[in-house]
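Residues take their numbers from the sequence shown, with the count starting at 1. Start at 1 and go down the list; that is how both ligands and their atoms are numbered.
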Amino acid sequence: MSFGLRLLCLCIFLLKNVKTDQIGYEFQPFPVLKNDNLLRAARGEVVDRVPVWVMRQAGRYLPEFQELRKQHDFFTVCRTPELACEVTMQPLRRFDLDASIIFSDILVIPQALGLTVEMHAGVGPVLPQPIVVPEDLKRLTPDGALSRLSYVGDAITMMRHKLEGRVPLIGFTGAPWTLMGYMIEGGGSKTMSKAKAWLNEHPEDSKLFLNLLTDAIVDYLEMQVKAGAQMLQVFESSAEHLSKEQFLQWCVPYLKRIRDELVDRLTKKAIPVVPMTLFAKGAGHSLKEQSELGYDVIGLDWTVDPLEARNLVGPNITLQGNLDPQDMYRDPDELRNLTTEMVHKFGKSRYIANLGHGITPQTPITSMEVLVEAVHKAL
Ligand code: 1CP
């Protein structure tokens, strides 16, 4: 190859890489953030008021969400930035929340890896051709997965503009074990028994599977930050099916790798690192271990006592949670008292109020109003 041709190739290579590295982030001046209590709480800084948001705050308990879902299939909403932004905005129009979370689902990663995922009314996600045996891992298509998820980045960038700096925007992902569970079970499961059998029967292939998912997740989270996500949450919702020993073996190393590699990549590219939350449902047995993974915030489910959690994680971690979603069905006075009690236990410093899991579809709208107001008035 002549010198001139080599020089040309080098220029093309550099131009291509500079361009992809600068998607969104550097060329997107976003509106200035007005309410940054969420980010300050995550960083351990002083807050004006305890920030509050609710897992699944955009969803089926809102009539306007139900209405929009009558017109559009679930994944069409996820894949159409205008619709994803509309749904993300719905709870913010009604409630004085301190955060927004981009509307999507954890199962968009399995989709981008080549599996079909359908959303069946009244059932939830269904994967008609799950991963049954280790051979099936060959069906996964990690090459190009990130570009198949670009619609999430587009929705995030659009949402940052639509928010006009009102509150921060949270991006999210499912964690490796939780995604592996859905991909093997072919949907939700009360026991995750097929996925747990994999861990015992195919330990080496399980590691391969979890590492493949971890790689895809790091790419995906980096893309979300570049697109404008101001905080990230990693949902390890299926930790609840594992023993402590299994959690430490099959979740912790991958959760650590996600945090470490993301920080490393962002730092090398001089992109500010955003705060990260780990929500490992049912892993209250390992709070100390969770606090050592580098995440800024640890999400708690409602089985965990706030004071015990604080003792275990120490003073330098922010806690998020953890009202029982079922308490949203109590009468308003009871709900107000429980919420106030919870906020008093956690305190104003290093705390983000939330439920201990997603809000459920029949929750009365007034309960959200009571919850948000009670959090803000508690301290
Ligand atoms: O038809 C519908 O509208 C389906 C309801 C629905 C909604 C509103 C699903 C199906 N996903 C979502 C949105 C969603 N999912 C969000 C939106 C952002 C927000 O919080 O407002 C988020 C963060 C998720 C994350 C998610 N999806 C998790 C992790 C959190 C958790 O609840 O543990 C999990 C496990 C899923 C899978 C999933 N998607 C949908 C359902 C019903 C489920 C659970 C199925 C099951 O395991 O039984």
A.B. asks: Quick check: does Arg56 get an N/O under 3.5 Å from an N/O on ligand 1?
C.D. replies: yes
A.B. asks: With backbone taken as N, CA, C and O and side chain as the heavy atoms from C-beta onward, which portion of Met119 lies under 4.0 Å from ligand 1: side chain, backbone, both, or neither?
C.D. replies: side chain
A.B. asks: Indicate, as side chain, backbone, both or neither, the part of Pro125 found under 4.0 angstrom from ligand 1 when only non-hydrogen atoms are considered.
C.D. replies: side chain
A.B. asks: Show the atom names and distances, to 0.1 Å, of all donor-acceptor pairs under 3.5 Å that link a side chain in residues 113-124 to residues at least two apart or in another chain.
C.D. replies:
{"residue": "Glu118", "atom": "OE1", "partner": "His120", "partner atom": "NE2", "Å": "2.8"}

A.B. asks: Among all protein heavy atoms in this structure, tell me which lies nearest to atom 7 (C) of ligand 1, with the distance rounded to 0.1 Å.
C.D. replies: Phe74 CE1, 3.6 Å
A.B. asks: Does any N or O atom in Gln57 lie less than 3.5 angstrom from one in ligand 1, N or O only?
C.D. replies: yes
A.B. asks: Which of parallel (below 30°), tilted (30 to 60°) and perpendicular (above 60°) describes Phe103 and Phe65?
C.D. replies: tilted
A.B. asks: For Lys138, give me all partners under side chain to side chain donor-acceptor pair (under 3.5 Å), at least two apart in sequence or on another chain.
C.D. replies: Glu135
A.B. asks: Below 4.0 angstrom from a heavy atom of His357, which ligand 1 atoms are there? Numbered from 1 as shown, please.
C.D. replies: 31 (C), 32 (O), 33 (O)
A.B. asks: Salt bridge or not between Asp215 and Arg257? Use side-chain N to carboxylate O under 4.0 Å.
C.D. replies: yes
A.B. asks: Pick, from His120, Gln90, Glu185, Arg69, the option with the minimum heavy-atom distance to atom 3 (O) of ligand 1.
C.D. replies: Arg69
A.B. asks: Using a strict 4.0 Å threshold on nitrogen-to-oxygen distance, state whether Asp260 and Arg265 make a salt bridge.
C.D. replies: no
A.B. asks: Any idea which part of Ser104 is under 4.0 Å from ligand 1, heavy-atom wise: side chain, backbone, both or neither?
C.D. replies: backbone
